Amino acid sequence: MTNQGFPDEQREGLYRAIRERRDVRSQFLPDPIAPEILARLLQAAHLAPSVGFMQPWDFVVIDSLEIKHAVKALYQQANAAAANNYEGDRAAQYRRLKLEGIVDSPINLCITCDRQRGGPHVLGRNTMLETDLFSTCLAVQNLWLAARAEGIGVGWVSIVEPSLLAQVLKLPEHVYPVAYLCLGYVSEFLPKPELEIAGWRSRLPLEQLLHGNTWTGGIDDDALLAAVRGNQDGAGIKPND
Ligand SMILES: Cc1cc2c(cc1C)N(C[C@H](O)[C@H](O)[C@H](O)COP(=O)(O)O)c1[nH]c(=O)[nH]c(=O)c1N2
């Protein structure tokens with residue numbers, strides 16, 4: 001068997017993008033993104049896997065201030081409702097969180113899912129109908145990682161009523177707005193998720209999420225468990241290895 005893996009430096013580059021990708025809301029700079037670079041990000045998204053090679057995504061690129069303000073208004077409405085899910089200190093903490101960068105970021109991008117693409121029978125989608133949505137999420141993640149490698153921050157805003165968002169963007173009825181994203185260069189990429197820094201929630205230990213052969217049995221592979229414990233800080237080679 002020949003090792004088809006990447007050379008160390010390239011492998012580390014990929015793991016670094018995975019480790020250092022952040023959801024960005026507060027650090028956007030107004031600097032424009034050059035069309036060639038935006039094109040690379042969209043190409044990365046378009047190379048995502050998809051059920052039956054359905055490629056259900058479309059890319060709605062938004063730089064109109066008018067549309068951004070309309071989406072921001074949807075966010076404000078949905079966020080006020082979401083804040084009511086919490087009480088006391090938690091509600092106050094929720095209201096302090098910045099959960100979008102719609103107007104601060106130079107480009108907004110909605111990645112949509114055309115639920116009819118490929119006709120009524122898409123290979124692999126006969127039983128799990130949501131696989132078109134899953135595929136679209138993979139396009140989002142490809143773009144998110146590529147953006148990190150380009151030094152561009154991405155923030156996902158899901159605190160909007162999807163039917164109202166679809167109206168603002170004039171989407172056809174069978175097209176679902178999976179991901180409303182804010183894109184732009186950033187003053188910094190935070191070392192940890194912003195929600196973790198704000199004390200909202202922290203990363204779970206991976207070993208707690210391993211369940212071995214059955215959910216109830218627990219992981220019983222000592223070598224795997226030891227390896228996971230030895231690599232708590234992130235995937236792959238550490239920067240100073
Ligand atoms: C489907 C989906 C939807 C949302 C998010 C993510 C995903 C995957 N996230 C970002 C989320 O809070 C963030 O990914 C986690 O807090 C982890 O942080 P990092 O992405 O590692 O920086 C997010 N963030 C935010 O500020 N407003 C939002 O509406 C959403 N919505």
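Quick caveat, the model's predicted, so the values are computed rather than measured. When a ligand or atom number is given, it counts from 1 through the structure's own listing order.
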For ligand 1, output the ligand-protein N/O contacts shorter than 3.5 angstrom; if there are none, return none.
{"unit_1": "ligand 1", "atom_1": "12 (O)", "unit_2": "Arg25", "atom_2": "NH2", "d": "3.1"}
{"unit_1": "ligand 1", "atom_1": "20 (O)", "unit_2": "Arg21", "atom_2": "NH1", "d": "2.8"}
{"unit_1": "ligand 1", "atom_1": "20 (O)", "unit_2": "Arg21", "atom_2": "NH2", "d": "3.2"}
{"unit_1": "ligand 1", "atom_1": "20 (O)", "unit_2": "Asp23", "atom_2": "N", "d": "3.2"}
{"unit_1": "ligand 1", "atom_1": "21 (O)", "unit_2": "Arg21", "atom_2": "NH2", "d": "3.1"}
{"unit_1": "ligand 1", "atom_1": "21 (O)", "unit_2": "Arg22", "atom_2": "NH2", "d": "2.8"}
{"unit_1": "ligand 1", "atom_1": "22 (O)", "unit_2": "Arg22", "atom_2": "NE", "d": "2.8"}
{"unit_1": "ligand 1", "atom_1": "22 (O)", "unit_2": "Asp23", "atom_2": "N", "d": "2.8"}
{"unit_1": "ligand 1", "atom_1": "24 (N)", "unit_2": "Asp23", "atom_2": "OD2", "d": "3.1"}
{"unit_1": "ligand 1", "atom_1": "24 (N)", "unit_2": "Arg25", "atom_2": "NH2", "d": "3.3"}
{"unit_1": "ligand 1", "atom_1": "24 (N)", "unit_2": "Trp156", "atom_2": "O", "d": "3.4"}
{"unit_1": "ligand 1", "atom_1": "26 (O)", "unit_2": "Arg25", "atom_2": "NE", "d": "3.3"}
{"unit_1": "ligand 1", "atom_1": "26 (O)", "unit_2": "Arg25", "atom_2": "NH1", "d": "3.4"}
{"unit_1": "ligand 1", "atom_1": "26 (O)", "unit_2": "Arg25", "atom_2": "NH2", "d": "3.3"}
{"unit_1": "ligand 1", "atom_1": "26 (O)", "unit_2": "Leu99", "atom_2": "O", "d": "3.1"}
{"unit_1": "ligand 1", "atom_1": "27 (N)", "unit_2": "Leu99", "atom_2": "O", "d": "2.9"}
{"unit_1": "ligand 1", "atom_1": "27 (N)", "unit_2": "Trp156", "atom_2": "O", "d": "3.3"}
{"unit_1": "ligand 1", "atom_1": "29 (O)", "unit_2": "Trp156", "atom_2": "O", "d": "3.4"}
{"unit_1": "ligand 1", "atom_1": "29 (O)", "unit_2": "Ser158", "atom_2": "N", "d": "2.8"}
{"unit_1": "ligand 1", "atom_1": "29 (O)", "unit_2": "Ser158", "atom_2": "OG", "d": "3.3"}
{"unit_1": "ligand 1", "atom_1": "31 (N)", "unit_2": "Trp156", "atom_2": "O", "d": "3.3"}
{"unit_1": "ligand 1", "atom_1": "31 (N)", "unit_2": "Ser158", "atom_2": "OG", "d": "2.8"}

Could you work out, with salt bridge (charged side-chain N to carboxylate O under 4.0 Å, His left out) as the rule, every residue matching Arg148, not counting sequence neighbours? Glu20
Hey, could you give me each pair passing ring-ring contact (aromatic ring centres under 6.0 Å, His included) that has a residue in residues 161-198? Not counting sequence neighbours. none
Identify, with sequence neighbours excluded, every residue that meets salt bridge (charged side-chain N to carboxylate O under 4.0 Å, His left out) alongside Lys72. Glu100
Ring-plane angle category for Trp156 and Trp144, please: parallel below 30°, perpendicular beyond 60°, tilted otherwise. tilted
Quick check on the 6.0 Å ring-centre criterion: do Trp200 and Tyr86 meet it? yes
Over 12 foreign heavy atoms within 6.0 Å of CD, Gln208: yes
